[in-house]
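Reading through the structure tokens given below for one structure.
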Amino acid sequence: MNDLHLQRILITNDSGGCSVVVPAPNTGLTLEQLIVKVVPHGTTYSVVEVGAVPSDRTYRNAWRHDAANLSVGVDMPAAREIHKNFMRAARTPLLTDLDVQYAKADEAGNPGLKAQVAAKKQQLRDVTADAGIADAQTPADLKAVWPTILGPNPLA
């Protein structure tokens, strides 16, 4: 590995995650000088080729530095929580709209419509309990879990 621009420095950060340092061109620093500059003393790091870093950043905050294999792994429990947060963000405007529909049904004295709206709101609340989330073994499996009630899958 001679070309600095084709390399990345993987660092295990304080939270256990993986920081990726992309060497800037034309700094005049050697790789060794850059490592001294950016890697805190005593911190685990690896120098890898650019291809060792995933191009899909969907679950970036679940990346973990795998120093033994000179790669980036994905902490699936952390990725599952990130995925649930994507779902929560998608359902928020839907729940807001249903809150309005519920209030209108209440004002109109329509208990049947209120029950329908309440049921749909509960379906939305339950999306993060989808068994597919817990069953997902890879980031690709996880990205495929997207209940139709949330609309089109933005992760697909």
Is there side-chain contact between Q7 and V50, with at least one heavy-atom pair below 4.5 Å? no

Nearest-0.5 Å distance, CZ of residue R80 to OH of residue Y59: 10.5 Å

Residue pair T128, R88: steps toward the side chain to side chain contact (heavy atoms under 4.5 Å, CB included) verdict: CA-CA 8 Å; T128 56; R88 289 178 183 112; 4.1 Å; yes

If you count every heavy atom of other residues, nucleotides or ligands that lies below 6.0 Å from K84 atom NZ, does the total exceed 12? yes

Distance only, no hydrogens: is a donor on one side chain within 3.5 Å (strictly under) of an acceptor on the other, for S46 and H65? yes

Set of residues satisfying side-chain hydrogen bond (donor to acceptor under 3.5 Å, both in side chains) with respect to Q101, sequence neighbours excluded: D97

As an exercise, state the distance from CG of N69 to CG of D66, rounded to the nearest 0.5 Å. 4.0 Å

Given side chains that start at C-beta, do those of P93 and L95 come closer than 4.5 Å, heavy atoms only? no

Nearest-0.5 Å distance, CZ of residue F86 to NZ of residue K143: 9.0 Å

Could you check if a side-chain atom of L10 sits within less than 4.5 angstrom of a side-chain atom of Y45, using non-hydrogen atoms only? no

Side-chain contact, heavy-atom cut-off 4.5 Å: L6 with E49? no

So, taking the atom named CG in L124 and the one named CE in M87, what distance separates them when rounded to the nearest 0.5 Å? 11.0 Å

Applying a strict under-4.5 Å side-chain criterion to I, L, V, M, F, W and Y, I'd like to know whether L29 and L31 cluster together. yes

Least distance between heavy atoms, A52 atom then L70 atom: CB-O, 3.8 Å

Where is the tightest heavy-atom contact between P23 and V21, given as atom of each residue plus distance? CD-O, 3.5 Å

Side-chain donor/acceptor pairs under 3.5 Å, residues 132-141, sequence neighbours excluded:
from	atom 1	to	atom 2	distance (Å)
Q137	NE2	D135	O	3.1
T138	OG1	A140	N	3.4
T138	OG1	D141	N	3.0
T138	OG1	D141	OD1	3.3
T138	OG1	D141	OD2	3.3
D141	OD2	Q137	N	3.2
D141	OD2	T138	N	3.3

Show your reasoning for whether side chain to side chain contact (heavy atoms under 4.5 Å, CB included) applies to W63 and V53. CA-CA 10 Å; W63 287 2; V53 178; 3.8 Å; yes

Going by atom types only, do N85 and E81 share a side-chain donor-acceptor pair under 3.5 Å? no

Once the angle between the rings of H83 and W146 is folded into 0 to 90°, is it parallel (under 30°), tilted (30 to 60°) or perpendicular (over 60°)? perpendicular

Give, for atom CG of N13 and atom OG1 of T44, the distance between the pair rounded to the nearest 0.5 Å. 11.0 Å

Would you check if V20 and C18 make a side-chain contact, meaning some heavy-atom pair closer than 4.5 Å? yes

Show me, pair by pair, the donor-acceptor contacts under 3.5 angstrom made by side chains of residues 32-39, not counting sequence neighbours?
from	atom 1	to	atom 2	distance (Å)
Q33	OE1	T30	N	2.8
Q33	OE1	T30	OG1	3.4

I'd like to know if K104 and E107 make a salt bridge, using a cut-off of under 4.0 Å between side-chain N and carboxylate O. no

Would a 4.5 Å heavy-atom cut-off, applied to side chains only, mark K120 and V117 as touching? no

Quick one: closest heavy-atom pair of A62 and A79, and the distance? CB-N, 3.6 Å

4.5 Å side-chain heavy-atom contact, I149 and R91: no

Determine whether D126 and Q123 satisfy the following criterion, side chain to side chain contact (heavy atoms under 4.5 Å, CB included), listing intermediate values before the conclusion. CA-CA 5 Å; D126 292 342; Q123 284 181 304; 5.8 Å; no

Point-to-point distance, once rounded to the nearest 0.5 Å, from OG1 of T58 to CG of N61: 11.5 Å

